[in-house]
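Below you'll find the structure, written out as structure tokens, and then a few comments.
Below, each value reflects all heavy atoms present in this structure, side chains not excepted, and no hydrogens, waters or symmetry copies.
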Amino acid sequence: MTGTTDPTDPAPTAERRKTARVRWVAGGTVALALLFAGAAAVAAREDGSAPRAAGAPAPDSADAGFARDMAVHHQQAVEMSFIVRDRTEDEDVRRLAYDIANTQANQRGMLLGWLDLWGLPKVAGGDRPPMAWMGGGEGDGGHEHGGHQADRGSDGVLMAGMASRAELERLARLDGRQAEVFYLQLMTDHHKGGVAMAEACASRCAVPVEQRLAQGMVEGQQSELGLMRDMLTERKARPRS
């Protein structure tokens, strides 16, 4: 790719600036996380394993499950955004990809940091599947995402909205308008799955700072869903579901 763009330039329209709404979450949540960390006294576990913070969520709680699962979910969004950045010269798509990658990488760091503070593993143990913390059978069998039924673990699809390995490979082969459309479709599916998970944490999680982060994700990603729908329309395409 020979074209370059400055991702820090302001978006050309008011609608494009909606993507910045997600950024408020990072700064405020970091401060709250530090307060939470300072308040948590560390106590050694009786079994001699890594210390667990006093009063920390249980390993099978919604708080721990959301932190683990959303960290994985966010990592793929960052990966897809870096892929499309190198497959198109369109400034709007590259700006959106930058916003998503930057925001979700920061949020992922916070989620993993909380697991460390709580003394909890970053990977669920045993046979407990992803999203089981959401209840309602979310962790059993397949997951609906983007109008497609995905079997858990099939071709790399672990959670609702996640792209398969084959889809990521296809995105990496496309260029220009085709890459833009496929990225917007994949990210639309990804955001729909992410919003469902964040809404579940906002109602089920017990740690206030995590609830606030989850609600911020809901608001930010819903805004981006509207933006991506408009961007697909501009390209004479539409979401897959």
| message | Salt bridge or not between Asp189 and Lys192? Use side-chain N to carboxylate O under 4.0 Å. | response | no

| query | Is Asp90 salt-bridged to Arg235, going by a charged N under 4.0 Å from an acidic O? | reply | yes

| message | So if I apply the side-chain contact (heavy atoms from CB on, under 4.5 Å) rule between Leu232 and each of Arg240, Arg238, Gln185, which one comes out positive? | response | Gln185

| field | Pair Arg170 + Glu167: basic N to acidic O under 4.0 Å | value | no

| field | Exceeds 12 heavy-atom contacts within 6.0 angstrom, atom CD of Gln222 | value | yes

| Partner of Met70 by side-chain contact (heavy atoms from CB on, under 4.5 Å), out of Gln107, Met217, Gln104 | Met217

| said: Check whether Phe66 forms a cation-pi arrangement with Arg204 (NZ or CZ under 6.0 Å from the six-membered ring centre, at most 45° off the ring normal). | reply: no

| query | Out of curiosity, Gln215 CD to Glu199 CD, how far, rounded to the nearest 0.5 Å? | reply | 8.0 Å

| field | Same apolar cluster (I L V M F W Y, side chains within < 4.5 Å links), Val78/Tyr98 | value | no

| remark: Sorted by chain and residue number, the salt bridge (Lys or Arg N to Asp or Glu O under 4.0 Å) partners of Glu210 (sequence neighbours excluded) come out as none

| Leu117 side, atom CG; Leu112 side, atom CG - distance, nearest 0.5 Å | 11.0 Å

| message | Tell me the closest heavy-atom pair linking Ile100 and Ser81, and the distance in Å. | response | CG2-OG, 3.7 Å

| No-hydrogen, no-angle side-chain donor-acceptor test under 3.5 Å, Trp133 and Asp69 | yes

